[in-house]
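Notes follow once the structure below has been shown.
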Amino acid sequence: MSSAPTTRHALVFETPEQPLVLKSEPIQTPTAHGSAVVRILSTTTRPHNKASFAGKRVLPVTAPYVPGNSAIARVIDVGPDAVSLAKGQLVYVSGFITARDDHTNSQVLLGFSDLGASQSKKLFKAWPGLWADVATVPQENCVPLNESLLCGTMAYTLGQLEYIDRLAVANGGVSSAALRAGETVIVCPATGHFSGAVVELAAQIGCHVVALTRSAAKLEPLTARHARIRPVELTGDVDADAKAIRAACPQGMADALIDVSPHEAAASPSHLHAGLKVLCGHGRVVFLGAMENVSIPYMSIMARNIAIKGQFMFTREMTAALVKMIESGVVKLGKEAGHNVRAYKMEDWQQAIAEAETATNWGEQIVLEP
């Protein structure tokens, strides 16, 4: 294996007035304690990349910065303290970074957002994003992949493996809800990138899934593959929707609810209120979305001993468990799963983000491959 490179080539966002710029940046040598140098093989785009680069940001971020939130990569070099990561190893690089000296309060989304806090801005700048040929990343953000199994026996492409990025967020919610095979979970809404990933993951681990949607037709790619998914088309009438949800639950009640609503859904959160009505006693609720200032039925929740929990992203342990489920065949990827992954070369990033902006249905993903 050759020695670690001393420079990398990365796409840099500087201002909305100009396109991203390809720049050469130095890489610290020798590789520092706690770090790994990886070669990027496939990295994700987001539907809002194009709008964000035009100045319409979804989350706070300070320019200049290198975009790119997660990746499938190969380890080139590791710091002297590494005990399990090895040169040449295929890994999934998670884009959720927490400060080692402030794990619970300082966190960033690599190459996407510093989340606005001053200490997080410092952390964000310390770890540039992954739209590059090579990157230095925290060792703990590298989750090993069984390459011979995943790329050989299972024949997954690198782009298909990058769907782990989406399932990792979904698994954060599924794990937080402590779902078990045979239980019934309500997922609302259910046709987006991450909400659809929650639906497919919960179904594959053996749960009955009641998927709330404004259009049942949009759920057909999921319901056609998973018999345990039951769609409920919402009307906006809380009582009528609760009745329909109850009818879709095998036992007339649900054990858990995972809400993945976008920010704009707060204007009319009838889906959440309908779902909450159907939870059984000691049910669990996980908020995985982005709504703000939404009222909840306090007395009803208290009387039924309902537990409500917020879940932002995931832990390394959750992602490692997800990879095990994929490697064991419990969770499927690629065409068999219904995923539609399209890859672009790094120099074609403008085409990639233009397509990503419209590729918003469940299972669609646009990746960059340097």
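Below, all heavy atoms of this structure are taken into account, side chains as well, without hydrogens, waters or symmetry copies. Since we're looking at a predicted model, the values are computed, not measured.
E183 has a carboxylate O that lies under 4.0 Å from a charged side-chain N of R180, or vice versa, which qualifies the two as a salt bridge. A salt bridge does not link D114 to K122: none of the charged nitrogens lies less than 4.0 Å from a carboxylate oxygen.
Side-chain atoms of E292 do not come within 3.5 Å of backbone N or O of H263 as any donor-acceptor pair. In this structure a side-chain-to-backbone donor-acceptor pair under 3.5 Å is present from D255 to T184. In this structure, the side chain of D237 engages the main chain of A240 through a donor-acceptor pair within 3.5 Å. No side-chain donor-acceptor contact under 3.5 Å links S113 to the backbone of V61. R74 places a side-chain N or O within donor-acceptor distance of the main-chain N or O of G88, the cut-off being under 3.5 Å. Side-chain atoms of Q89 come within 3.5 Å of backbone atoms of A86 as a donor-acceptor pair (strictly under, hydrogens ignored). Side chain of Y156 to main chain of G334: no donor-acceptor pair is present (N/O by atom type, distance under 3.5 Å, no hydrogens or angles). Without hydrogens or angle criteria, R230 side chain to V210 main chain gives no donor-acceptor distance under 3.5 Å. Using a distance-only test at 3.5 Å, with no hydrogens or angles considered, a donor-acceptor pair links the side chain of T43 to the main chain of S70. Proximity of a side-chain donor or acceptor of W131 to a complementary backbone N or O of T44 within less than 3.5 Å is detected.
Counting heavy-atom neighbours within 6.0 Å of Q251 CD, excluding the residue itself, gives a total of 12 or less.
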Worked verdict on E140 versus R316 for salt bridge (Lys or Arg N to Asp or Glu O under 4.0 Å): CA-CA 7 Å; E140 62 269 28; R316 174 187 166 83; over 6 Å; no
Pair F124-Y65, side chain to side chain contact (heavy atoms under 4.5 Å, CB included): steps then yes or no: CA-CA 9 Å; F124 185 81; Y65 70 97; 3.7 Å; yes
Intermediate values then yes/no, side chain to side chain contact (heavy atoms under 4.5 Å, CB included), V137 and L130: CA-CA 9 Å; V137 297; L130 304 178; 3.9 Å; yes
Worked check of side chain to side chain contact (heavy atoms under 4.5 Å, CB included) between T157 and V341: CA-CA 10 Å; T157 67; V341 181; 5.8 Å; no
Worked check of salt bridge (Lys or Arg N to Asp or Glu O under 4.0 Å) between D165 and R46: CA-CA 11 Å; D165 167 80; R46 304 284 186 209; 2.8 Å; yes
Chi angles and distances behind the side chain to side chain contact (heavy atoms under 4.5 Å, CB included) call for M313, L109: CA-CA 9 Å; M313 303 304 286; L109 301 177; 3.8 Å; yes
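Summarising the geometry of L179 relative to A202, their closest heavy-atom pair is CD1-CB, 4.2 Å, with the distance given to 0.1 Å. Annotation for L110 and N69: closest pair O-ND2, 2.8 Å, computed over non-hydrogen atoms.
With sequence neighbours excluded, the residues forming a side-chain hydrogen bond (donor to acceptor under 3.5 Å, both in side chains) with R304 are S300, listed by chain and number. Applying the salt bridge (charged side-chain N to carboxylate O under 4.0 Å, His left out) rule to E233 yields no partners; only residues at least two apart in sequence or on another chain are considered. When the ring-ring contact (aromatic ring centres under 6.0 Å, His included) test is applied to F314, the partners found at least two apart in sequence or on another chain are F96. For the salt bridge (charged side-chain N to carboxylate O under 4.0 Å, His left out) test, no residue two or more places apart in sequence or in another chain qualifies with K345. Taking D81 as the reference, H33, Q139 meet the side chain to side chain contact (heavy atoms under 4.5 Å, CB included) condition, with sequence neighbours excluded. Residues satisfying the side-chain hydrogen bond (donor to acceptor under 3.5 Å, both in side chains) criterion with H103, sequence neighbours excluded, are T98.
Looking only at atom types and distance, the side chain of E355 has no donor-acceptor partner in the side chain of Q351 under 3.5 Å away. A donor-acceptor pair shorter than 3.5 Å can be found between the side chains of T235 and D241. Between the side chains of S261 and D259, at least one donor N or O sits under 3.5 Å from an acceptor N or O. With no hydrogens or angles considered, a side-chain donor-acceptor pair links T31 and D77 at under 3.5 Å.
Side-chain contact between Q365 and R342 is absent, with no heavy-atom pair separated by less than 4.5 Å. Using a 4.5 Å cut-off on side-chain heavy atoms (C-beta onward), L276 and V278 make no contact. In this structure the side chain of V21 reaches within 4.5 angstrom of the side chain of E14, judged on heavy atoms. By the 4.5 Å heavy-atom criterion applied to side chains, P19 and F13 are not counted as neighbours. In this structure the side chain of E25 reaches within 4.5 angstrom of the side chain of V12, judged on heavy atoms.
A single hydrophobic cluster is not seen to contain both L257 and V238; linkage of ILVMFWY side chains at heavy-atom distances under 4.5 Å, directly or through other members, places them apart. V108 and M318 end up in different hydrophobic clusters when Ile, Leu, Val, Met, Phe, Trp and Tyr side chains are linked at under 4.5 Å. Under a hydrophobic clustering in which Ile, Leu, Val, Met, Phe, Trp and Tyr are joined whenever their side-chain heavy atoms come within less than 4.5 Å, directly or via other members, L11 and L41 fall into different clusters. A chain of hydrophobic side-chain contacts below 4.5 Å, direct or via other Ile, Leu, Val, Met, Phe, Trp or Tyr residues, connects V38 to M346. Note on L161: it does not cluster hydrophobically with V91, by side-chain heavy-atom contacts below 4.5 Å among ILVMFWY residues.
Of the listed residues (L222, T191, L219), just one forms a side-chain contact (heavy atoms from CB on, under 4.5 Å) with W362, and that residue is L222. Of the residues R225, H339, H226, the one that meets the side chain to side chain donor-acceptor pair (under 3.5 Å) test with E200 is H339.
Annotation: F112 is in aromatic contact with H48 [ring centroid separation under 6.0 Å].
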